[in-house]
Amino acid sequence: DAGVIQSPRHEVTEMGQEVTLRCKPISGHDYLFWYRQTMMRGLELLIYFNNNVPIDDSGMPEDRFSAKMPNASFSTLKIQPSEPRDSAVYFCASTPRQDWGNEQFFGPGTRLTVL
Amino acid sequence: AQSVTQPDIHITVSEGASLELRCNYSYGATPYLFWYVQSPGQGLQLLLKYFSGDTLVQGIKGFEAEFKRSQSSFNLRKPSVHWSDAAEYFCAVGGGRNRDDKIIFGKGTRLHILP
């Protein structure tokens with residue numbers, strides 16, 4: 001298995017632009033998570049999906065952030081408009097079933113820089 | 001509310017020396033406890049986890065961790081580090097009997113290895 005795939009690996013954009021981050025979970029994994037990693041706040045859970053349905057988006061920082069999962073093999077995290085404080089590494093992770101004791105399998109991350 | 005603290009932001013050890021990374025948690029019951037490792041430019045990978053049973057847990061890459069309920073600690077150890085162990089290490093807590101308790105990650109400890 002190729003593992004969790006994220007694209008792009010690096011994104012540099014200017015303030016005010018729309019940014020779309022993409023994730024392909026491991027096949028057969030029903031749960032998908034989006035995290036944001038910054039020096040100040042560490043690794044934060046933004047949102048997670050079960051069978052393509054958003055379950056908990058309480059970690060999404062504000063309305064500029066949105067996430068979708070149109071099918072079992074693809075999810076997007078969109079920031080519109082982007083701001084410099086959104087600069088971070090964004091990780092996608094997946095796990096086969098609902099149990100917070102399960103190992104989460106992380107993608108390599110997307111490093112976002114907003115100028 | 002659950003929380004996890006990694007008191008050391010950076011740790012430097014010599015290759016071949018022993019290692020202990022500290023982790024303290026706050027949780028109302030026995031939680032799931034995890035250690036993940038993040039190598040440069042990569043996503044997080046699970047080293048080991050604990051929920052119940054033997055309080056000394058063996059993981060991959062020669063790591064182990066010991067759960068000490070009285071100290072609310074879950075420290076990670078390795079008897080002899082290798083240069084390839086240079087990475088960032090994250091302790092995490094979550095799950096347990098309350099399935100609504102999402103995983104929370106510590107802010108990480110960056111391990112530097114001296115040749």
Side-chain angles (χ1 to χ4, degrees), chain A residues 1-11 21-26 29 31-50 54-60 88-112, chain B residues 1-10 23 25 27-53 57 59-61 63 67 74 87-110:
Chain A
D1 199 316
V4 176
I5 299 172
Q6 291 187 248
S7 64
R9 293 293 307 275
H10 302 272
E11 176 81 31
L21 312 181
R22 298 171 175 80
C23 175
K24 175 179 169 54
I26 293 173
H29 283 195
Y31 288 84
L32 183 140
F33 309 84
W34 281 101
Y35 288 89
R36 179 174 66 176
Q37 185 182 41
T38 61
M39 291 289 291
M40 290 298 295
R41 301 175 67 90
L43 195 64
E44 304 172 280
L45 177 63
L46 300 178
I47 185 172
Y48 77 95
F49 295 82
N50 173 21
I55 302 300
D56 186 342
D57 65 354
S58 60
M60 295 285 264
V89 181
Y90 292 81
F91 288 102
C92 177
S94 68
T95 195
R97 57 185 171 86
Q98 170 59 328
D99 185 333
W100 290 108
N102 268 355
E103 176 179 2
Q104 293 188 17
F105 295 83
F106 284 77
T110 296
R111 181 174 295 277
L112 173 65
Chain B
Q2 66 203 69
S3 65
V4 58
T5 302
Q6 294 180 247
D8 304 305
I9 298 174
H10 295 271
C23 173
Y25 70 91
Y27 191 77
T30 300
Y32 283 112
L33 293 161
F34 309 81
W35 276 100
Y36 280 82
V37 61
Q38 182 182 24
S39 297
Q42 298 185 24
L44 281 70
Q45 180 186 20
L46 182 68
L47 283 176
L48 48 80
K49 72 177 184 182
Y50 171 81
F51 178 60
S52 64
V57 181
I60 63 172
K61 304 186 181 188
F63 285 91
F67 170 63
F74 188 57
E88 189 152 21
Y89 293 80
F90 293 88
C91 183
V93 61
R97 288 187 173 83
N98 185 348
R99 285 175 165 256
D100 292 332
D101 289 338
K102 295 172 284 191
I103 287 179
I104 293 178
F105 288 84
K107 292 194 174 181
T109 297
R110 185 169 293 278

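Quick note on labels: first sequence line is chain A, next is B, and so on, each numbered from 1. This one's a predicted model, so the numbers in the text were calculated from it and none came from an experiment. Below, all heavy atoms of this structure are taken into account, side chains as well, without hydrogens, waters or symmetry copies.
Looking only at distances, a side-chain donor or acceptor of R9(A) sits under 3.5 Å from a matching main-chain atom of G41(B).
When heavy atoms are compared at a cutoff of 4.5 Å, Q6(A) does not approach chain B at all. For Y35(A), the part lying near chain B is the side chain, with the backbone staying farther off; criterion is any non-hydrogen pair under 4.5 Å. Contacts of Y36(B) with chain A are made by side-chain atoms alone, with heavy-atom separations under 4.5 Å and no backbone atom involved. In this structure, the portion of S58(A) lying under 4.5 Å from any heavy atom of chain B is its side chain and not its backbone.
To the nearest 0.5 Å, the span separating CZ on F34(B) from CD on E103(A) amounts to 9.5 Å.
Side-chain contact between L44(B) and L43(A) is present, with at least one heavy-atom pair separated by less than 4.5 Å. Side-chain contact between K107(B) and M39(A) is absent, with no heavy-atom pair separated by less than 4.5 Å.
Among residues two or more places apart in sequence or in another chain, the ring-ring contact (aromatic ring centres under 6.0 Å, His included) test is passed with F90(B) by none.
Heavy atoms of other residues, nucleotides or ligands lying less than 6.0 angstrom from CD1 of I9(B) number 12 at most.
For the residue pair Q38(B)/Q37(A), the side-chain donor-acceptor check at 3.5 Å is satisfied.
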